[in-house]
Asks: 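Below is the structure I would like to discuss, written out as structure tokens.
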Amino acid sequence: EGPVRLILVGLRPEEPGWEAMLISLPRPPRIGFDLTVAGGLITQIPWLRNELDKMLNGAIAEEVLWPRRSVVSAPSPYRAKPLLSPLQILSLMRDDPLLRMEREL
């Protein structure tokens, strides 16, 4: 539960209307989960639940917690490959318009 930051990059008049979407979380999310193995609820064991919770939240923070982001290239309705090249996607993973604006403040 919490906010998600979406940035559409490369707005264009043709479909789909954008070249890439940048997805990030401004703050760490709280994720509720239960894990069942062989009919038993593993997450009822307090120390195991805490370890799984730390591991899950750490993995999410490493991938999409601001300023990190996930880059989703827009699908092209008439081509089999994405609109952006792998080099352009890598560039957006390192820097984006919103991050540049925050640095200028």
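As the structure is a computational prediction, the values presented were derived from the model and not from experiment.
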Asks: Apply salt bridge (charged side-chain N to carboxylate O under 4.0 Å, His left out) to Glu63 and list each qualifying residue two or more places apart in sequence or on a separate chain.
Replies: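 Expected list: none.
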
Asks: Test the Arg5-Trp66 pair against the cation-pi criterion, namely NZ or CZ under 6.0 angstrom from the six-membered ring centroid and within 45° of the ring axis.
Replies: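 Relative to the ring axis of Trp66, which defines the angle, Arg5 lies inside both limits.
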
Asks: Heavy atoms only: give me the nearest Ala74-Pro16 pair and the separation to one decimal.
Replies: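 Closest heavy-atom pair between Ala74 and Pro16: CB-CG, 3.6 Å.
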
Asks: With sequence neighbours excluded, tell me which residues meet salt bridge (charged side-chain N to carboxylate O under 4.0 Å, His left out) with Arg68.
Replies: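 In terms of salt bridge (charged side-chain N to carboxylate O under 4.0 Å, His left out), with neighbours along the sequence ignored, Arg68 is linked to no residue.
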
Asks: If two hydrophobic side chains count as joined below 4.5 Å and joins carry through other members, does Leu11 share a cluster with Ile23?
Replies: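 Yes.
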
Asks: Starting from Leu56, can I reach Val4 by hopping between I/L/V/M/F/W/Y residues whose side chains sit under 4.5 Å apart?
Replies: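 The answer is yes; both residues are in one hydrophobic cluster.
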
Asks: Quick one, Val9 and Glu19 - any side-chain contact, counting heavy atoms below 4.5 Å?
Replies: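 The answer is no, as the side chains (C-beta and beyond) never meet within the 4.5 Å cut-off.
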
Asks: Can you sort out the partners of Pro67 under side chain to side chain contact (heavy atoms under 4.5 Å, CB included), two or more places apart, ordered by chain and number?
Replies: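 So Pro67 forms a side chain to side chain contact (heavy atoms under 4.5 Å, CB included) with Leu99.
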
Asks: Taking only residues two or more places apart in sequence or in another chain, which ones pass side chain to side chain contact (heavy atoms under 4.5 Å, CB included) with Leu65?
Replies: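 If we apply the side chain to side chain contact (heavy atoms under 4.5 Å, CB included) test to Leu65, skipping adjacent residues, the hits are Leu25, Pro28, Ala61.
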
Asks: Look at the side-chain heavy atoms of Ile, Leu, Val, Met, Phe, Trp and Tyr, link any pair under 4.5 Å apart, and say whether Leu87 and Leu22 land in one connected group.
Replies: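 Different hydrophobic clusters.
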
Asks: Please tell me if the side chains of Met21 and Leu6 come closer than 4.5 Å, counting only heavy atoms from C-beta onward.
Replies: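 Met21 reaches Leu6 side chain to side chain.
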
Asks: So which pairs with a foot in residues 39-51 pass salt bridge (charged side-chain N to carboxylate O under 4.0 Å, His left out), sequence neighbours left out?
Replies: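 As it turns out, the salt bridge (charged side-chain N to carboxylate O under 4.0 Å, His left out) pairs with a partner in residues 39-51, which skip direct neighbours, are Asp34-Arg49, Glu51-Lys54.
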
Asks: Can you name the residues that form a side-chain hydrogen bond (donor to acceptor under 3.5 Å, both in side chains) with Asn57, not counting sequence neighbours?
Replies: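 Asn57 satisfies side-chain hydrogen bond (donor to acceptor under 3.5 Å, both in side chains) with Asp53 once adjacent residues are dropped.
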
